[in-house]
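Proteins come first, then strands; the chains are lettered A, B, ... in the order of their sequence lines, and each starts at number 1. In this text the structure is predicted, and so the values were computed from the model without any measurement.
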Amino acid sequence: MSVRLETIRECLEGIIPGHIATCDADGVPNLAYLSQVQYIDNDHVALSYQFFNRTRQNVLAGSPVCLLLTSHLNGAQYRLKLHFLRSETAGPLFEQMKAKLAGIASHTGMSGVFRLLGSDIYRVLAIEQVAGAVAALPPPPINHLSALRQATQRLAACNNLHCLLETALDALAEGFGIGQVMLLMLDEGRGRLYTLASRGYPQSGVGSEIAVGEGVVGICARERTPIRIGFMSSEYAYGRTVRDSVAAAGDADALESAIPLPGLPDASSQLAVPICAVDRLIGVLYVESVANLHFGYNDEDALVAFAAQLGLAILHHQQFEEQADDEPAGEDCPPSPAGPPLAVRHFAPNDSVFLDDDYLIKGVAGAILWALLSDFVERRRTSFTNKSLRVDARIRLPDFADNLEARLVLLQRRLAERGAGIELAKTGRGRFSLRVERPLLLVEG
Amino acid sequence: MLDSDHLAFILSGVSISLASVAAGADPRPTMSRGLGCKALDGGRRLAVFVRRSQSADLLANVGSSGRVANVFSLPSNNRTLQLKGSDARVLPFAASDLPIVERHVADLLREVLPLGLSEAVVRALFEHPADDLVSVVYTPDAAFSQTPGPQAGVCLPRPA
């Protein structure tokens, strides 16, 4: 029985480098070491094209190609016969390989030397295991299929978005042993992703942002493809990406960094997986570790499957909240709060809101908060529905993919973390209440 | 003839790979791991040791074309050298060469264990039963630096 490529993917990680043999038109053989083999499917792999070397010249001239790959887990060796198909210089596969190569280059002291010029795609014609003893396989750290089953079952038990987010992150932490995880939602209109939930960081970072296209998370979002790096790479380091983008934007966008991204400063392994549903990108699931090569193909597979379930569930819960289960009860008139007033300042151009001069939130969530607080101050209103926000001209929700419920969760969490005496609480399907514990002084501009 | 620097390098704890092609229109390149090597005639020729059970196609190719490509790479610093030859022959393994193979595997273990590989894995990979070993002997007629980078593939001064 021939070997299925999906069962030997650890050989592609390059921990023990692969070898490639080709020959020129005159029959002169050539051997080279590979820095990267990328699994595409059981019949296809991609090799990185970094230099126009003899191997590539031979391949382009039609040479048969033989790879020798070795498993670092048990020492098993495999020979693969390949047939070159084409090269890609942009797109999901290219970005996956470019990111991975940056990590490998950094790890092997080859930063600035290794640069991906193309992803060369090959058809796998045959796989042969080389004779010889193999070591006993170490027990895998987790059973991915079992962990995935349990995690998706837990998602199915959630009845609102808040519960879904908490459960999703708990399931990843407990079921997959992932110490650091972030869930970021796409703000399609602004081309940015905002952190909605996280685990494993000193600060939650809820509300922090990264642009689509920047860093591992941003490239994952732009290409809608998993990005996985096994070694620390300054090129893909979070902190640097954010610093650079802030510097490029100048002071005008200083708010972008007002809430720091929670990422590990010394992450070696990074994996970002797109959360998609009904052909739309909803957000990104990002996990990281200080250990080298912490996430493998099986982790990537499991998280992609988990993200597919999560995406549909997020979409469902957002749509579910669009309808209130009953009309809000008559406007209650809570007693006027006492104590020192809280100054709430709103800047209309970007809907940023500051509490006592400290930045809280901006954008759609900022506009929502300002409308809620204005209604509270003017009419003592405390009960609201998602439906009423959707038609509220002050909030100017974008027509498409506004993720209203996710923005309410974001706002609720930012308020809870600030602890300034303003709280949002869910009171039913599509309904929530506002609680204000201090007199408010609303200031526009 | 290989210079003393290259000779010392290929006799250190390098990873060794040997490739060959069949003569004719269907070259079928293939390769095997080398388990050590030895300089002959003061460095004019090399003997590379491979396992017969792992190398049926490779040995058939050597017998067919005599053409080999032989790469030596030091895992700890990526220094890599490729030698080529066109007069390769398959010869029986001399039992007196077993200490060379054993020393090579020991040197290689010292190289790769600090990189995090399991000793059981490396020992399995470089198992070398004497009755399964065979020598491929050739005269290097070209040498190329293949240390990763834009200079990879640069032809080194022709061996004398």
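Listed in order of number, the residues of residues 120-131 of chain A that approach chain B to under 4.5 Å between heavy atoms are Val130(A), Ala131(A).
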Side chain to side chain contact (heavy atoms under 4.5 Å, CB included) between Leu117(B) and Ile15(A): does it pass, once the steps are laid out? CA-CA 9 Å; Leu117(B) 289 177; Ile15(A) 297 168; 4.0 Å; yes

List the steps, then state whether side chain to side chain contact (heavy atoms under 4.5 Å, CB included) holds for Arg79(A) with Thr30(B). CA-CA 8 Å; Arg79(A) 284 193 197 89; Thr30(B) 189; 3.3 Å; yes

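Asn53(A) and Gln146(B) share no side-chain donor-acceptor pair at under 3.5 Å.
A 4.5 Å side-chain heavy-atom check between Pro29(A) and Ser20(B) finds every atom pair outside the cut-off.
Here the CZ-CD1 distance, from Arg33(B) to Ile16(A), works out to 6.5 Å after rounding to the nearest 0.5 Å. Considering CD of Gln77(A) and CZ of Arg51(B), their distance stands at 9.0 Å, rounded to 0.5 Å. Rounding to the nearest 0.5 Å gives a distance of 7.5 Å between CG of Leu31(A) and CG of Leu18(B).
Heavy atoms closer than 4.5 Å to chain B are found nowhere in Ala76(A), neither backbone nor side chain. Heavy atoms of Thr55(A) lying under 4.5 Å from chain B are absent altogether. Using a 4.5 Å cut-off between heavy atoms, Ser15(B) touches chain A through backbone and side chain atoms alike. Heavy atoms of Ser17(B) lying under 4.5 Å from chain A belong to its backbone as well as its side chain. Interface remark: Ser65(B) contributes no atoms to any contact with chain A (heavy atom separation under 4.5 Å). Only the backbone of Asn70(B) comes within contact range of chain A, with at least one heavy atom under 4.5 Å from a heavy atom of that chain. There is no contact between Val122(B) and chain A, counting heavy-atom distances below 4.5 Å.
The 12-atom threshold is exceeded at CG of Leu60(A), counting heavy atoms of other residues, nucleotides or ligands nearer than 6.0 Å. Other residues, nucleotides and ligands contribute at most 12 non-hydrogen atoms within 6.0 Å of the CZ atom of Arg52(B).
Between the Gln82(B) side chain and the Asn30(A) main chain, no donor and acceptor come within less than 3.5 Å of each other.
Nearest heavy-atom pair, Met31(B) versus His19(A), reported as atom, atom and distance to 0.1 Å: CE-O, 3.4 Å. Residues Val71(B) and Tyr33(A) share a closest heavy-atom pair of CG1-CE1, 3.3 Å. Of all heavy-atom pairs between Ala124(B) and Ala135(A), the closest is CB-N, 3.8 Å.
Highest contact tally toward chain A, considering only Val121(B), Leu125(B), Asp26(B), is held by Val121(B) [criterion: heavy-atom pairs under 4.5 Å]. Ranked by heavy-atom pairs under 4.5 Å with chain A, the first of Arg123(B), Arg28(B), Gln54(B) is Gln54(B). Comparing Cys66(A), Ser71(A), Ala136(A) by heavy-atom pairs within less than 4.5 Å of chain B, the highest count is held by Cys66(A).
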